[in-house]
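Just so we're on the same page: letters track the sequence lines, and every chain starts at 1. Please read these numbers as outputs of a predicted model, since none were measured by experiment. Quick note: numbers below take in every heavy atom, side chains included, and nothing from hydrogens, waters or symmetry partners.
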Amino acid sequence: MAKDTYLKKVLGEERFNHIKASKVLMVGAGGIGCELIKNLMLTGFGEIHIVDLDTITLSNLNRQFLFRQKDINKSKAMILVKAVEKFNYFDCKLIPHHGNIMNTELFPISWWSSFDYIYNALDNVEARTYVNSIALFLKKPLMESGTTGFQGQVLPIYPYQSECFDCIPKDTPTTYPVCTIRSTPSKPVHCITWAKEFLFMQLFDEVQILSPEKLAEQRKILESETTDKKEIDNLMNETNELNDLRKLTSSTIEEFMDNLVNKIFVKDIEKLIRIDSLWKYRKQPVPLDYATYNSELSSMVKSTSSDVLHNETKVWSILENLYVLYQASKSLIDRIQSGEKFISFDKDDDDTLNFVVSASNLRSSIFGIDVMSKFDIKQIAGNIIPAIATTNAIISGFSDLQSLNYFKSYELSNQDANTVFVSMKPNRFVARATLASPNPQCASCSLSSRGIMSLSSLDGTLQELIDNIKEFYKYEDISLILGKNKLIYDFDFEDNVDRSLNSLGFKSGETLLVQDDNDELENLELYIIIGEEFKLPELTLRAKKVFKEETDAEDDEPIEEGVVDDIIEVEPPIKKQKV
Amino acid sequence: MGTQLRLRSAKVLIINLGSVGMEIVKNLVLGGINSIDIVDDSVIKEEDYAAQFFLPNDDKFIGELKLPNIIEPIKELNNRVNINIHTDNFNQLLADKDFFKKFDLIIGTELVKQEIIELNELTRTFNIPLYVTGLHGIFGYIITDLIQHVSTVERNTINQAKTIGEELSLNKVVENYQVDKPNNKEILTIKDTYSPISSIFTSDNLPKQLSKRQLRKLSSSLPIILSLLESDRSELTTEEINLKAIQMCSNLGISPDILSKEYLQEFTNQQFTEFVPTSAILGGCLAQDVIQFLSKRESPINNTLILDGLRSEMPIYSL
Ligand SMILES: [Zn+2]
């Protein structure tokens, strides 16, 4: 038998030839990517491009079977291609790209449009959303996949025919009772949540000033969790006081540090202790004895040679935690004072991580909870459930399998493919659901049309472009937003009309959002390229949808047509899970 | 820690290293098992290249013994795992019962019914858990005889409390149930009881665990896969498969009406072929179950899992 005998038998000769002639893209060369590339190559794909911006780290090795110790710090995409050459039995053309998939110069739309199919093997929502938007611009089939621990999902996306990535609301992170977090922590995760979601957010992140209604609402939540009025009053006071603390980010680091520590690790704890009811069955916290560390801390700060910050696996002492808190606060308030309006927690932003690690450890020590290393806290704070190699293997198999229908007829239809959830039950290993139609309220695929706009030059004025767009799509009046959120034109903001597109920031790879100011036509999102001639995409814009309040009736499962069955389904309908 | 320790001390035997076998080995080696012994006396064939990623990419190896030529890339995955290879004939090896005695768990891949039953008699004698698996293109199976097994499952509390003695599904009984209220967790101790594999081919358990509607909607892949195990792996015609499957339906007490033309045609094309995405799913699933079995966490597959690539389903039946 020939080497491809089995492939021809399984796929059929015609489909096998389609696959052999296909050029596909795999975005991500991590846990799923390592498995998926093997599957795609041995399914017979003729050309595969692999994109990843990461380099290999030690922690990748035990679940990414293509990487070795000697590959550490090298480009994932490059090493992946080298490694799989060993089993490139069908002479697949493999092209690695080391770079950020969202970089429009490295990966212009013309590059994207050369692929027959896109496989996502990504680990972050931002890149997934971006690839999804490209798939929508180009009407390319996209296979979305993801795993968390022992669970995983693949979702084939046929733009405008089936649900896109943005059609499905994303999971909100797990929450703990507010009272546990703020008054009675008993586990490291409670203190980490407090430091990250509460303290850090109040001090540095974009927080709304709480309106009286919001405050009342917060009080209600608290009242549903505890009947202890004293505790509730205490918590509400704390909120107000933290608002005051935020103002301190404009003072010097010494002032900031003294006020912060004295308030949250001393006075607030003393207040908590006074609420007797909390400590009837619990061990009382012990306020931090800040004064005893004061002189040592200041000499540590003065000496420039401390390497505490670089020791991520060591469990820091209280003094060391205070030192890290000092240094992190210093960097953070410097950043605020030099113009950053707010700073969001990001486990890869060391200033924010150091702040959360040290603050949570100090709180833990006060409550007699185990203090942890920065490395361990990073895992928890980043909400990382360890990736499991076997789940990645299973999901990569389904990612490949579910894409194969497309190569029979190249039809963008949701008839044949399924979304598959891996989640073991006694009577099944996976759950499956037919693809749903696009969510009618999805801003990405239902409430707007998309297309590529080719500009012959950037020297023309904005007014010329506005006239062209209005005439071509029969808009009465429009507003224009360039990129993510730069409003450049609407009916009472005409300052820019005589400026050149170039000076306004138009460039290849940028997007332009056109909104109908009369609310009659749907939004139009244009991907800008520079081409030979000026060309707008041929699209018939749909009327703008208006939504009333959601009703429960919409959730009713439609009844399968043509199936008459008197026996009630034993299994409950599959619940939507998120990637 | 106990979990890691049990995993790190486990000695596993794998019989036949084809496509699914390689996936299992890859996953178990990455998982950090103590040692893996592999039995395979086959030579490298051209068609192996469709789905066996450890093969050397050089035609001069075709016709040579497979195992000695793929051991290096396997060892490279994790040098802490001991890999031993045996190029003996499996059927002859079956006579040497002591060979099997030393393993904590045995995995047989791409075996025929007679081999499975002989192996299962051995594993029952020595009280060794057994997994068998194989595939036909986009279809596949995992059959388990873990004899008897107790595991604990810790999970977020679900509305309905469990009672001790309650059957979660056929042959899966709740032995203990605890609620950890403050953390919103429940801890279940589950006892699984297994049937010898020989009995699943004539089991009357299906009607006991499926509703009438589920029975009517049963995929053809279950009876076809079980009947293909009874062949000697030589290619069958559609009609031969049909006849065997009708017989299997009657053995299992289910209606032969579930056998569809489409499935018979697909199995005629795909019988005994290897296909890498299917192997990836089966190999991932089996290795995960083995790792959890050794750790006594999560209740394992009991006892017949079918991968149906046409419907994208993986039902588990207790036969
Ligand atoms: Zn959508």
Exercise. Counting heavy atoms not belonging to Lys82(A), are there more than 12 under 6.0 Å from its NZ?
Worked result: no
Problem set entry | Least distance between heavy atoms, Ala50(B) atom then Phe90(A) atom | CA-CZ, 3.8 Å
Exercise. If you count heavy-atom pairs under 4.5 Å with chain A, which of Gly309(B), Cys285(B), Ser279(B), Gly137(B) comes out on top?
Worked result: Cys285(B)
Exercise. Got a second to check how far Lys425(A)'s NZ is from Leu168(B)'s CG, nearest 0.5 Å?
Worked result: 12.0 Å
Exercise. Heavy-atom count around Glu14(A) CD within 6.0 Å, excluding the residue itself: above 12?
Worked result: no
Exercise. How many angstroms lie between atom OG1 of Thr391(A) and atom CG of Asn27(B), to the nearest 0.5 angstrom?
Worked result: 10.0 Å
Seminar exercise, completed: In short, Asp400(A) meets Pro277(B) closest at the heavy-atom pair OD2-CG, 3.4 Å
Problem set entry | Set of residues satisfying ring pair (Phe, Tyr, Trp, His ring centres under 6.0 Å) with respect to Tyr406(A), sequence neighbours excluded | Tyr117(A), Tyr410(A)
For this session: Output the option from Phe67(A), Tyr89(A), Phe87(A) having the highest count of non-hydrogen pairs under 4.5 Å with chain B.
Result: Tyr89(A)
Seminar exercise, completed: Ranked by heavy-atom pairs below 4.5 Å to chain A, first place among Leu55(B), Ile138(B), Ile301(B), Asp192(B) goes to Leu55(B)
For this session: Side-chain contact test, heavy atoms from C-beta onward, threshold under 4.5 Å: evaluate it for Phe150(A) versus Gln292(B) and give yes or no.
Result: yes
Exercise. In terms of heavy-atom proximity below 4.5 Å to chain B, should Lys8(A) be classed as side chain, backbone, both, or neither?
Worked result: neither
For this session: Return the option, out of Asn88(A), Leu404(A), Leu36(A), with the maximum number of heavy-atom pairs under 4.5 Å with chain B.
Result: Asn88(A)
Exercise. Which bit of Phe54(B) is near chain A, if near means a heavy-atom gap under 4.5 Å: side chain, backbone, both or neither?
Worked result: backbone
Exercise. Are there more than 12 heavy atoms of other residues, nucleotides or ligands under 6.0 Å from atom NZ of Lys208(B)?
Worked result: yes
Seminar exercise, completed: Turns out that what part of Phe275(B) lies under 4.5 Å from chain A's heavy atoms comes down to side chain
Problem set entry | Contact class of Ala51(B) relative to chain A, heavy atoms under 4.5 angstrom | backbone
Problem set entry | Choice from Ile395(A), Thr43(A), Leu66(A), Asp4(A) maximising heavy atom contacts with chain B below 4.5 Å | Thr43(A)
For this session: Determine, stepwise, if the pair Phe65(A) / Phe53(B) fulfils ring-ring contact (aromatic ring centres under 6.0 Å, His included).
Result: CA-CA 12 Å; Phe65(A) 82 105; Phe53(B) 58 90; 5.6 Å; yes
For this session: Give, as side chain, backbone, both or neither, the part of Asp58(B) having an atom under 4.5 angstrom from any heavy atom of chain A.
Result: neither
Exercise. Is a salt bridge present between Arg432(A) and Glu313(B), judged by a nitrogen-to-oxygen distance below 4.0 Å?
Worked result: yes
Problem set entry | Chi angles and distances behind the side chain to side chain contact (heavy atoms under 4.5 Å, CB included) call for Gln288(B), Phe429(A) | CA-CA 11 Å; Gln288(B) 185 166 309; Phe429(A) 205 90; 4.0 Å; yes
Seminar exercise, completed: Taken to the nearest 0.5 Å, the spacing of Ile388(A) CD1 from Ile291(B) CD1 works out to 8.5 Å
Exercise. Given Gln270(B) and Val10(A), is the side chain to side chain contact (heavy atoms under 4.5 Å, CB included) satisfied, shown in steps?
Worked result: CA-CA 5 Å; Gln270(B) 302 189 31; Val10(A) 173; 3.7 Å; yes
Exercise. Can you tell if the side chain of Gln52(B) reaches within under 4.5 Å of the side chain of Leu42(A), non-hydrogen atoms only?
Worked result: no
Exercise. How far apart are the C-alpha atoms of Glu35(A) and Lys26(B), what are their side-chain angles, what is the distance that settles it, and do they pass the salt bridge (charged side-chain N to carboxylate O under 4.0 Å, His left out) test?
Worked result: CA-CA 11 Å; Glu35(A) 293 286 334; Lys26(B) 176 200 72 193; 2.7 Å; yes
Seminar exercise, completed: Turns out that what part of Gln402(A) lies under 4.5 Å from chain B's heavy atoms comes down to side chain
For this session: Would you check if Asp289(B) and Met424(A) make a side-chain contact, meaning some heavy-atom pair closer than 4.5 Å?
Result: yes
Seminar exercise, completed: Counting heavy-atom pairs under 4.5 angstrom with chain A, the leader among Ile306(B), Asn269(B), Thr273(B) is Thr273(B)
Exercise. Taking Asp59(B), Ile190(B), Thr268(B), Leu310(B) one by one, which has the highest count of heavy-atom pairs under 4.5 Å against chain A?
Worked result: Asp59(B)
For this session: Check the pair Leu401(A), Ile281(B) against side chain to side chain contact (heavy atoms under 4.5 Å, CB included), reporting the backbone distance first and the verdict last.
Result: CA-CA 10 Å; Leu401(A) 269 189; Ile281(B) 297 168; 3.7 Å; yes
Exercise. Looking at Ser399(A), Ala2(A), Gly12(A), Ser396(A), which one has more heavy-atom pairs under 4.5 Å with chain B than the rest?
Worked result: Ala2(A)
Problem set entry | Nearest-0.5 Å distance that lies between atom CD in Glu46(B) and atom OH in Tyr6(A) | 11.5 Å
For this session: Kindly indicate whether the side chain of Gln209(B), heavy atoms from C-beta on, has any atom under 4.5 Å from the side chain of Asn427(A).
Result: no
Exercise. So, Glu76(B) and Arg68(A), do they make that salt bridge, N to O below 4.0 Å?
Worked result: yes
Exercise. Looking at Glu274(B) and Lys9(A), does any basic side-chain N land under 4.0 Å from a carboxylate oxygen?
Worked result: no
For this session: Pick one of side chain, backbone, both or neither for Ser312(B), based on which atoms fall under 4.5 Å of a heavy atom in chain A.
Result: both
Seminar exercise, completed: Looking only at Asn405(A), Val420(A), Asn418(A), Leu40(A), the option with the highest number of non-hydrogen pairs under 4.5 Å against chain B is Asn418(A)
Exercise. Do Pro426(A) and Asn302(B) come close enough that some side-chain heavy atom pair is under 4.5 Å?
Worked result: no
For this session: Tell me, for Ser186(A) versus chain B, whether the close heavy atoms (under 4.5 Å) come from the side chain, the backbone, both or neither.
Result: neither
